[in-house]
Amino acid sequence: MTAAEAPSARLAALGIELPPPTTPAGSYVPAAMIGGLVSTSGQIPVKDGALMATGIVGAEISQEEATACARQCAITAIAAAASVVGGVDNLAGVAEITGYVASAPGFTAQPQVLNGASDLCVEVFGDSGRHIRSAVGVAVLPLGVPVEVAIRFIPA
Amino acid sequence: MTAAEAPSARLAALGIELPPPTTPAGSYVPAAMIGGLVSTSGQIPVKDGALMATGIVGAEISQEEATACARQCAITAIAAAASVVGGVDNLAGVAEITGYVASAPGFTAQPQVLNGASDLCVEVFGDSGRHIRSAVGVAVLPLGVPVEVAIRFIPA
Amino acid sequence: MTAAEAPSARLAALGIELPPPTTPAGSYVPAAMIGGLVSTSGQIPVKDGALMATGIVGAEISQEEATACARQCAITAIAAAASVVGGVDNLAGVAEITGYVASAPGFTAQPQVLNGASDLCVEVFGDSGRHIRSAVGVAVLPLGVPVEVAIRFIPA
């Protein structure tokens, strides 16, 4: 990997600044090294300290809004994972994404929504950002957010 | 393990031919080696290139139809995992199944549905096919399928 | 760790007696060593051999009742994991919790419900009980239970 291909350089080229990792309000942590992978808690779409959206996708929330939320979840996941290993350039790639979409009956485009997270991972980590993924449509999510994403990263 | 007990021989005895692994339409892959396990993306019930069924279990889809879908998901998972390690006989067993059933209110037989996947694993891998499992009932799944199953296999 | 800080001593101080591990009715097992972690199947809230509650949280089941169910799920998870490693004192801590809450529309306090499981882990394992966590609200769960919790433990 050349310096220009480092995740930090790719993030800068995309105009993305990693937020400070959020501090969950409980007995849990945003991310941890588990079984050799840097794994995150389920991330909700927080941007500039506020929820990006609340509501059910296919009802109050459009597919496009939900896709933007999934992308933001991936950004907060990268931030959380980076804080465990001392910086984003100590992450080598992405192993696995589990994505939950709060879905109205009949809304079946969960994969397209989760592409917001998956595509961001490839933009930041290149081919090493490709991963396995499960995408499901759930009833409702914490705080009423439309999307929740958990990611397992490969450390450098 | 004798040759007759090899997963490929058991599959043949069951009359099951592994399909070519499906190619997900995104930045993700059907299966990958993760933390020492061959782990798959969430598999949907595709048979002969087409969805086996769409609909909600307990409403449009019966428990029996859903169980057959879960079994097919396990077959596609085995195919996806086999493609990572160079053939099904390079899989030694099953570690973990996560199964999602698109469920009508009041449908609580998710374990029976997922037995379609779990029992197939034991038929193919014998006692090494036993695994931990989570079974949940969700609102709706990608493309409207009734069942989605992700599996972590133990490589040989 | 002093003897007084051992998980078995903490459990005794909390007045918690581990139940015998439940035997799932299928081709799966309550817990297994997977990728270096002692991982459990999804646990449902069984106490003294009976379901603690059935119903949807935010409708028939209150947040407080659901929180007590989540705590009980963690207790059965500890019991299942302990049976794999020869006793609870052979568990060093908790790596990951995935929690599913059967949720009425508009019920968004899944994190508070799951704190019933998370806080119990910290009570039993101290700081080593802190973990990553995903909390989601699903349509319905096996047997109609309000909460299902799967846990990955760190062996000693």
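As the structure is a computational prediction, the values presented were derived from the model and not from experiment. By convention in this document, chain letters (A, B, ...) are assigned in the order of the sequence lines, proteins followed by strands, and residues within each chain are numbered from 1.
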Sort by residue number and list every member of residues 138-156 of chain A having a non-hydrogen atom under 4.5 Å from chain B.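 Under the 4.5 Å heavy-atom cut-off, A:Val138, A:Ala139, A:Arg152 qualify.
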Gap separating the OG atom of B:Ser27 from the CD atom of A:Glu123, nearest 0.5 angstrom: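 If we round to the nearest 0.5 Å, B:Ser27:OG and A:Glu123:CD are 8.0 Å apart.
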Distance (rounded to the nearest 0.5 Å) between A:Glu96 CD and B:Thr40 OG1: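 With rounding to 0.5 Å, CD (A:Glu96) is 9.0 Å from OG1 (B:Thr40).
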Contacting region of A:Val122 [heavy-atom separation from chain B under 4.5 Å]: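 Just its side chain gets close to chain B.
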Please state whether the side chain, the backbone, both or neither of A:Ala109 comes within less than 4.5 Å of a heavy atom of chain B.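 Looking at A:Ala109, nothing touches chain B.
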Counting only non-hydrogen atoms closer than 4.5 Å, does B:Ser39 touch chain A with its backbone (N, CA, C, O), its side chain (CB onward), both, or neither?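 For B:Ser39, heavy atoms of backbone and side chain both lie under 4.5 Å from chain A.
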Interface residue of largest heavy-atom contact number with chain B, from [options], under 4.5 Å:
| options | value |
| --- | --- |
| A:Ala117, A:Pro111, A:Ala104 | A:Pro111 |
| A:Asp127, A:Asp119, A:Val94 | A:Asp119 |
| A:Cys121, A:Ser118, A:Gly129 | A:Ser118 |

Side chain of B:Ser41, backbone of A:Arg133: donor and acceptor closer than 3.5 Å?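 A pair under 3.5 Å: yes.
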